[in-house]
Trainee: 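Got a structure for you, questions after.
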Amino acid sequence: MPELPRDVVLSTQTPSSRQLRHAALARELAGRDDADPARLARHLRAAGPMAPPAGPARRGRSVLGQGH
């Protein structure tokens, strides 16, 4: 995303709303077989306390990418 639109979007969100968006993205990425682990980790870190638990997710994978 270009810098100016990104800055505008980020400036209109509260920290907790950004964390919720990162948590939602992390949940979605965790359910994908082709998810980039570094991208997932970045969203988990940015979600802070809103991050989904590391338990089982869709398709038998945990949010942290470890199968059960």
Trainee: Closest heavy-atom contact between Ser16 and Met50?
Mentor: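 Scanning both residues completely, I find the closest heavy atoms to be CB-CE, 4.3 Å.
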
Trainee: Hydrophobic cluster mates of Val8, side-chain heavy atoms under 4.5 angstrom, ILVMFWY only, any path?
Mentor: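 The other cluster members (ILVMFWY side chains, heavy atoms under 4.5 Å, direct or chained) are Leu4.
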
Trainee: Could you check Arg45 against His22 for side chain to side chain contact (heavy atoms under 4.5 Å, CB included), going step by step and ending with a plain yes or no?
Mentor: CA-CA 8 Å; Arg45 275 192 307 273; His22 283 291; over 6 Å; no

Trainee: Nearest 0.5 Å, what's the CD-CG distance between Glu28 and Leu40?
Mentor: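 One finds 11.0 Å between CD of Glu28 and CG of Leu40.
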
Trainee: Is the closest side-chain heavy-atom distance between Ser17 and Thr12 below 4.5 Å?
Mentor: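 The answer is no, as the side chains (C-beta and beyond) never meet within the 4.5 Å cut-off.
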
Trainee: Which residues satisfy the side chain to side chain contact (heavy atoms under 4.5 Å, CB included) test with Arg39, sequence neighbours excluded?
Mentor: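 Partners of Arg39 under the side chain to side chain contact (heavy atoms under 4.5 Å, CB included) test: Leu29, Asp36, Arg42, His43.
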
Trainee: If you draw a 6.0 Å radius around CZ in Arg18, do more than 12 non-hydrogen atoms from other residues or ligands fall strictly inside?
Mentor: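 Atom CZ in Arg18 is packed in, count exceeds 12.
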
Trainee: Using every non-hydrogen atom in the two residues, find where Ala47 and Ala23 come nearest and quote the distance to one decimal.
Mentor: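 Of all heavy-atom pairs spanning Ala47 and Ala23, the closest is CB-N, 3.6 Å.
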
Trainee: Going from CG on Leu25 to CG on Leu20, what distance comes out if it is rounded to the nearest 0.5 angstrom?
Mentor: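 That separation rounds to 11.0 Å.
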
